[in-house]
Amino acid sequence: MIRIRNLVKQYGAHIVLNHIDLSLDKGVILGLLGPNGAGKTTLVSILNGLIDFQEGEIEIFGLPLNGELEAIRKRSSFIPQSLALYDNLTIMENLQFFAGIQKISGAALRHNIDYALTVNRLHSLREQKAATLSGGQKRRLNIAIGLLNNPELLYFDEPTAGIDPESRNAILKTVRSFRDDGKTVVYTSHYMPEIEKICDEVAIIDHGRIIRQGSLETMLQGEEGHSAVIELFQASKAQLDELASKHEGVAAIDAGTLMTTWCNARQMGTLLAALEGEDIAVKQIRYGTTTLESLFLRLTSGENSDA
Ligand code: ADP
């Protein structure tokens, strides 16, 4: 479905994508995971012909991106993070407007609008103006607009950033349903539990390189025993970030959780002493935890992230 060989993208002397090789088969959800600034949006933008590149070959649907962009675009869709919809139009009017731009009409128009409304659970709201929708409903409309050409291949750029958990779950469910409908999905996120939940394959990207790619299952299997999760009683995220910055291979996941990229008594002793010094009580320590989060931290730890 997608074949990328030796892709290089640079802005001046700054190499943003550094000799990327990536392939993706039909019917798979690929999670593109990486810290802020890793190159995810750049990669997805290149695959959609939105920005150019210096070196490499890209084939999508067996067609070369250079030369066959229009044919590729007809069969794929990029759903950007920013909302592209008209507030003063209803959901239905928005869909008709964007279908018109793409010259979709007749039976295809009716079928594709019905599919877009159904998978995004927007049928009952279709006569409502976009301005009156919640943040999550607007995101769902944004996705619906991306479905108007009935794409075989969909790209999502952090579609759940900044929305409530209920809408987030609705969107994740929708993305999973695309796979059941035989579609292929590229899903960028830095939010690992989400990738773990919905993706079949993961490519970890850091500093413009793909440092690991494969099925989620295989990737996690090789990682046993490399990490620990420390659950805490009372702390703030800022306090834990500060503490983590002073200890190698430690990251604050949220206000009540630290994760390590190591699993040994000596380092654990030092960390526990530091927690005690800050008056932060430990609820539980789980050793040998195998999560995408721990693998990711281990692979990208150090000075890699500019987040
Ligand atoms: P991600 O999506 O993983 O957060 P991006 O693809 O947005 O990362 O950015 C990757 C790198 O490319 C960053 O260092 C960013 O500053 C740089 N970059 C992105 N767009 C431009 C641009 N138009 N000009 C110069 N540098 C850019």
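All values reported here derive from a predicted model rather than from experimental measurement. Just so you know, ligand 1 is whichever comes first in the structure, and atom 1 is the first atom listed for that ligand. Quick note: residue numbers are just sequence positions, from 1.
For ligand 1, the atoms sitting less than 4.0 Å from at least one non-hydrogen atom of His14 are 14 (O), numbered in the order shown with element in parentheses. Those atoms of ligand 1 with a heavy atom of Ala38 less than 4.0 angstrom away are 1 (P), 3 (O), 8 (O). In summary, the atoms of ligand 1 found under 4.0 Å from a heavy atom of Thr42, numbered by their order in the structure, are 5 (P), 6 (O), 9 (O), 10 (C).
Within the cation-pi definition used here (under 6.0 Å to the ring centroid, within 45° of the axis), Lys9 does not qualify as a partner of Phe53.
Backbone and side-chain nitrogen or oxygen atoms of Asn36 are examined, and none is located within less than 3.5 angstrom of a nitrogen or oxygen of ligand 1. Considering backbone and side-chain atoms alike, Val16 places every N or O at 3.5 Å or more from each N or O of ligand 1.
Looking at Ser45 against ligand 1, nothing comes within 4.0 Å, counting heavy atoms.
The heavy atom nearest to atom 10 (C) of ligand 1, out of those in Gly34, Pro35, Gly37, Gly12, is found in Gly37.
Hydrophobic cluster of Tyr86: the remaining members, joined at side-chain heavy-atom separations below 4.5 Å, are Leu83, Leu85, Leu89, Ile91, Met92, Leu95, Phe97, Phe98, Ile101, Ile104, Leu109, Ile113, Leu117, Leu122, Leu125, Leu133, Leu141, Ile145, Leu148, listed by chain and number.
With respect to Arg5 and Glu57, a salt bridge is recorded, a charged nitrogen being found less than 4.0 Å from a carboxylate O. The existence of a salt bridge linking Arg176 and Asp180 is excluded, since no basic side-chain nitrogen approaches an acidic carboxylate oxygen closer than 4.0 Å. Glu242 has a carboxylate O that lies under 4.0 Å from a charged side-chain N of Lys246, or vice versa, which qualifies the two as a salt bridge.
In this structure Gln239 satisfies the side chain to side chain contact (heavy atoms under 4.5 Å, CB included) test together with Ala235, Ser236, Glu278, Ile280, sequence neighbours excluded.
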